[in-house]
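What follows is a single structure, written as structure tokens, with notes after it.
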There are 2 protein chains.
Amino acid sequence: MLINRDTDYAVRALCFIAQSKKNKVSVGELVKELKIPRPFLRKILQILNKKKMLKSSKGPHGGFILAKPGNKILLTDLMKIFQGVLKLNKCIFKKQVCPNMKTCKLKKKIDKIEKHVISELKGITLEQLSEK
Amino acid sequence: MLINRDTDYAVRALCFIAQSKKNKVSVGELVKELKIPRPFLRKILQILNKKKMLKSSKGPHGGFILAKPGNKILLTDLMKIFQGVLKLNKCIFKKQVCPNMKTCKLKKKIDKIEKHVISELKGITLEQLSEK
DNA sequence: GACAAATGATATTAATTTAGTATCATAAAG
DNA sequence: CTTTATGATACTAAATTAATATCATTTGTC
Ligand code: SF4
Ligand code: SF4
């Protein structure tokens, strides 16, 4: 999978927050809307807060708002946060890098594909994803 | 990962067999060359045999040969065998298909990328991968 | 200031997938 | 008929992913 579950959930949550008229959205509202298990969603939102994608406020009427405009939040940012650096091909098995790496034709092909994938992903913003 | 370990091992083994001057290659030779754990490699070769990518012969001097020319063995065939149908995005969590599938912007983007990846992969043959 | 309602931080458990091993059966060469 | 090779299958272990549970902290309201 290119996009894992956490990233996917993060996108859904951020889209909803982006589309919301209200300036704050609580976990409760998101759970109701997105049908994501609450403890799970909380964890994701907390990470997004720590990574400066969201701003949170505590206490009654607390909740989350986007920390920056939707066109400044990139899908690749989220993937980085929840999946680490995107690699279609790590060439590591049994904790050892493959000795063929330098000459491997397969690696060359995959690397080329990876480049294209990354360049496509780089263009995707939350703004695009949250358009109605 | 786009290519999993089994597919990767299969590619390495098939490349070696394709490059070998001898018309038969035994597991022992492959193990020595490729440093893949023997029981593992055996399993992979057995699957390749069953899937008609290799032909095996038993007994002393037994071993494996390609079942067809290198340009007829496609990387996508191997991926299909060892990884199932290629999907960058299954849109299934908790065993349920995502209800957003029809309208989801993210899915549309990923599907487009997937198309490109698949079309690139389709062009890759064992012949290309085993060129010296 | 006490209390309730929200998020912050972290630890734990469960399920699933991936990785690796072991065993016995079968076929062929000599 | 013995040895050497692959065929088939069952099993165990490790790692990853998924999900939950618990307690701490902040803040608005009465
Ligand atoms: S064989 Fe090639 S693709 Fe596979 S791990 Fe080694 S370098 Fe990477
Ligand atoms: S939100 Fe979109 S990308 Fe994610 S699972 Fe649903 S349809 Fe697929």
Side-chain angles (χ1 to χ4, degrees), chain A residues 1-10 13 17 22-32 34-67 79 81-84 87 90 92-96 98, chain B residues 1-10 13 17 22-32 34-67 79 81-84 87 90 92-96 98:
Chain A
M1 286 310 91
L2 194 55
I3 307 284
N4 74 8
R5 186 204 50 171
D6 288 7
T7 306
D8 194 273
Y9 283 2
I17 295 170
K22 304 170 51 191
N23 57 351
K24 256 185 227 162
V25 182
S26 72
V27 173
E29 294 171 89
L30 286 164
V31 166
K32 202 188 290 178
L34 304 174
K35 274 112 189 157
I36 296 171
R38 189 188 191 95
F40 229 73
L41 186 52
R42 285 196 61 204
K43 190 154 61 176
I44 287 166
L45 293 171
Q46 285 178 10
I47 291 169
L48 288 171
N49 178 49
K50 219 183 300 185
K51 297 289 183 178
K52 306 284 168 56
M53 299 288 152
L54 287 175
K55 276 181 195 156
S56 72
S57 45
K58 292 181 176 181
H61 313 303
F64 298 87
I65 59 173
L66 295 187
M79 292 176 71
I81 291 170
F82 293 105
Q83 312 177 199
K87 274 300 230 168
K90 287 217 191 75
I92 293 178
F93 296 115
K94 308 203 276 185
K95 290 175 188 159
Q96 298 198 315
C98 176
Chain B
M1 285 312 92
L2 194 56
I3 307 286
N4 75 7
R5 187 204 50 172
D6 288 7
T7 307
D8 194 273
Y9 283 1
I17 294 170
K22 304 169 52 192
N23 56 351
K24 258 184 226 163
V25 182
S26 72
V27 173
E29 295 171 88
L30 287 164
V31 166
K32 202 187 292 177
L34 305 175
K35 273 112 190 158
I36 297 170
R38 189 188 191 94
F40 227 73
L41 186 52
R42 285 195 62 202
K43 191 155 60 176
I44 287 166
L45 293 171
Q46 285 178 10
I47 292 169
L48 288 171
N49 177 50
K50 219 185 299 188
K51 297 290 184 178
K52 305 285 169 57
M53 299 288 152
L54 287 175
K55 276 180 195 157
S56 73
S57 46
K58 291 181 176 180
H61 313 304
F64 298 87
I65 58 174
L66 295 188
M79 294 176 71
I81 291 169
F82 292 105
Q83 311 177 200
K87 273 296 231 168
K90 287 217 191 74
I92 294 179
F93 296 115
K94 307 203 279 186
K95 290 175 186 160
Q96 298 198 315
C98 177

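What you see below is based on every heavy atom in this structure, not just the backbone, and it leaves out hydrogens, waters and symmetry mates. We name chains A, B, ... by the order of the sequence lines, and we start the count at 1 in each one.
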Side-chain donor-acceptor pairs under 3.5 Å in residues 43-61 of chain A, sequence neighbours left out?
residue: A/N49; atom: OD1; partner: A/S56; partner atom: N; Å: 3.4
residue: A/S57; atom: OG; partner: A/K24; partner atom: NZ; Å: 3.4

Nearest atoms (heavy-atom pairs only) where B/M1 meets A/K87: CE-O, 2.9 Å
Residues from residues 24-32 of chain B lying under 4.0 Å of DNA chain D - heavy atoms: B/S26, B/V27
Kindly give the atom pairs (protein nitrogen or oxygen, nucleotide nitrogen or oxygen) under 3.5 Å for nucleotides 14-22 of chain D.
residue: D/dA19; atom: OP2; partner: A/R5; partner atom: NH1; Å: 2.6

Heavy-atom pair of closest approach, residues B/K94 and A/K35: NZ-O, 4.4 Å
Closest contact, heavy atoms only, A/L34 versus A/A13: CD1-CA, 3.6 Å
Residue list, side chain to side chain donor-acceptor pair (under 3.5 Å) with B/S26, at least two apart or on another chain: B/E29
Ring pair (Phe, Tyr, Trp, His ring centres under 6.0 Å) between A/F93 and B/Y9, worked out: CA-CA 10 Å; A/F93 296 115; B/Y9 283 1; 5.6 Å; yes
Value rounded to 0.5 Å, distance of CE in A/M79 from CD1 in A/I81: 12.0 Å
Heavy-atom side-chain contact between A/L30 and A/V25 under 4.5 Å: yes
B/F64 and B/V27, any side-chain heavy atoms less than 4.5 Å apart: yes
Closest non-hydrogen atom pair between B/Q83 and B/L2, with its separation: NE2-O, 2.8 Å
Atom-to-atom span, CD1 of B/I44 to P of D/dG7 - whole angstrom: 14 Å
Side-chain N or O of B/N49 closer than 4.0 Å to phosphate OP1/OP2 of D/dT6: no
Along DNA chain C, first and last positions that approach a heavy atom of chain A under 4.0 Å: C/dA5 to C/dG20
Residues within residues 50-61 of chain B bordering DNA chain C, heavy-atom distance below 4.0 Å: B/K58, B/G59, B/P60, B/H61
